[in-house]
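Predicted, not measured: the structure shown is a model, and the values here were computed from it. Side chains included, hydrogens not; waters and symmetry mates left out as well; all remaining heavy atoms used. Counting starts at 1 for both ligands and their atoms, in listed order.
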Amino acid sequence: MAIDPRRIRDKMVRNQIEARGISNPRVLKAMGTVPRHLFVDEALQAQAYEDHPLPIGHGQTISQPYIVALMSSILEVDPGMKVLEIGTGSGYQAAVLAEMGADVYTVERVKPLYQKARKLLADLRYHYVKTKLDDGTMGWPEKAPFDRVLVTAGGPDVPEPLVEQLSDPGILVIPVGSTKRSQTLVKVSKDRGKVDRRDMGSVAFVDLVGRFGW
Ligand code: SAH
C-alpha cells in the first residue's frame, strides 16, 4: 500500500497520544513500533492510524490508539511483568504490552478472533504471547498471580476472579458501567492486602460477556 506506516505511526504518537498528556516512554515507543495496520482488515488499513476505533468483525472493535496508550500507561508496566489481558480481539493491545517488555497472557472468547490473533502475533514474532480461548472473566487461574490485569471490554462490575488472581502489589484496569457501551475506566490497586478503586474517566467499550460480565 502507498502509505509509509512508520511516518504515520510517529504522527499518531505525537498528535493523538503525547498531545493528550501521555509521556511514559515505553508506551510511546511501543505505540510507535507495533504495526497497527496489520491488525485490521486490508480494506481498513488506510484508516488504521486514525483517531478512532475500527471494526474487527463479530461485532467487536480494535480500540482507538489513544485508549490503548492510556490503559497501557495507567497499568504502569515494567519489563518482565506478568500481564493478563482479557479480550484479545485483534491482538493489538497484547502486542503493545509485549513490545513494552511484558510477559503477556491474553484470553478471548470468540474463536475466529482468537485464531486470527494467535496466528498474527506469531507471524509478527510475538510468539511468546500466551493465548487462550475461554471466558476471561474467570481469569487464567493456572497461570496466576499476575502483576497486572487489563480488561479491554466493558462489564457491569470488576470480576472477582480477576482481583483474586492479581498479585500484591498489583494493578488491574477495567471499564465498568451500569449500562452497556458506556463505562468508567477503573483502576484497581492491590497493596498490602488492601484493594483500592479509582475512577480514571469515561470510555465506551464493547461488552464483556461471560460469567462475571453481561
Ligand atoms: N484488546 C483488543 C480489543 C478487543 S474488543 C484489541 O486490541 O484489538 C473486546 C474483545 O473482548 C472482543 O474481542 C470480545 O470478543 C472480547 N471479550 C468479551 N468478553 C470476553 C470474555 N468474557 N472473555 C474473553 N474475551 C472477551
With a 3.5 Å cut-off and no angle check, do the side chains of Q60 and H58 form a donor-acceptor pair? no
Taking ring-ring contact (aromatic ring centres under 6.0 Å, His included) as the test, write out the residues that go with Y105, two or more places apart. W140, F146
To the nearest 0.5 Å, what is the distance between CD on Q16 and CG on D51? 4.0 Å
For atom CZ of R9, decide whether the heavy atoms of other residues, nucleotides or ligands shown that lie under 6.0 angstrom number more than 12. yes
Using a cut-off of under 3.5 Å, which N/O atoms of ligand 1 pair up with protein N/O atoms, and what distance separates each pair?
| from | atom 1 | to | atom 2 | distance (Å) |
| --- | --- | --- | --- | --- |
| ligand 1 | 1 (N) | E85 | OE2 | 2.9 |
| ligand 1 | 1 (N) | G87 | O | 2.9 |
| ligand 1 | 1 (N) | T152 | OG1 | 3.1 |
| ligand 1 | 7 (O) | Q93 | N | 3.0 |
| ligand 1 | 8 (O) | S90 | N | 3.0 |
| ligand 1 | 8 (O) | S90 | OG | 2.6 |
| ligand 1 | 13 (O) | E108 | OE1 | 2.7 |
| ligand 1 | 13 (O) | E108 | OE2 | 3.3 |
| ligand 1 | 15 (O) | E108 | OE2 | 2.6 |
| ligand 1 | 19 (N) | V209 | N | 3.0 |
| ligand 1 | 19 (N) | V209 | O | 3.4 |
| ligand 1 | 22 (N) | D135 | OD1 | 2.9 |
| ligand 1 | 22 (N) | V209 | O | 2.4 |
| ligand 1 | 23 (N) | G136 | N | 2.7 |
| ligand 1 | 25 (N) | R109 | N | 3.4 |

Is there a donor in the side chain of R211 and an acceptor in the side chain of T137, or the other way round, less than 3.5 Å apart? no
Students often mix this up, so state it plainly: with edges at 30° and 60°, are the rings of F39 and Y92 parallel, tilted or perpendicular? perpendicular
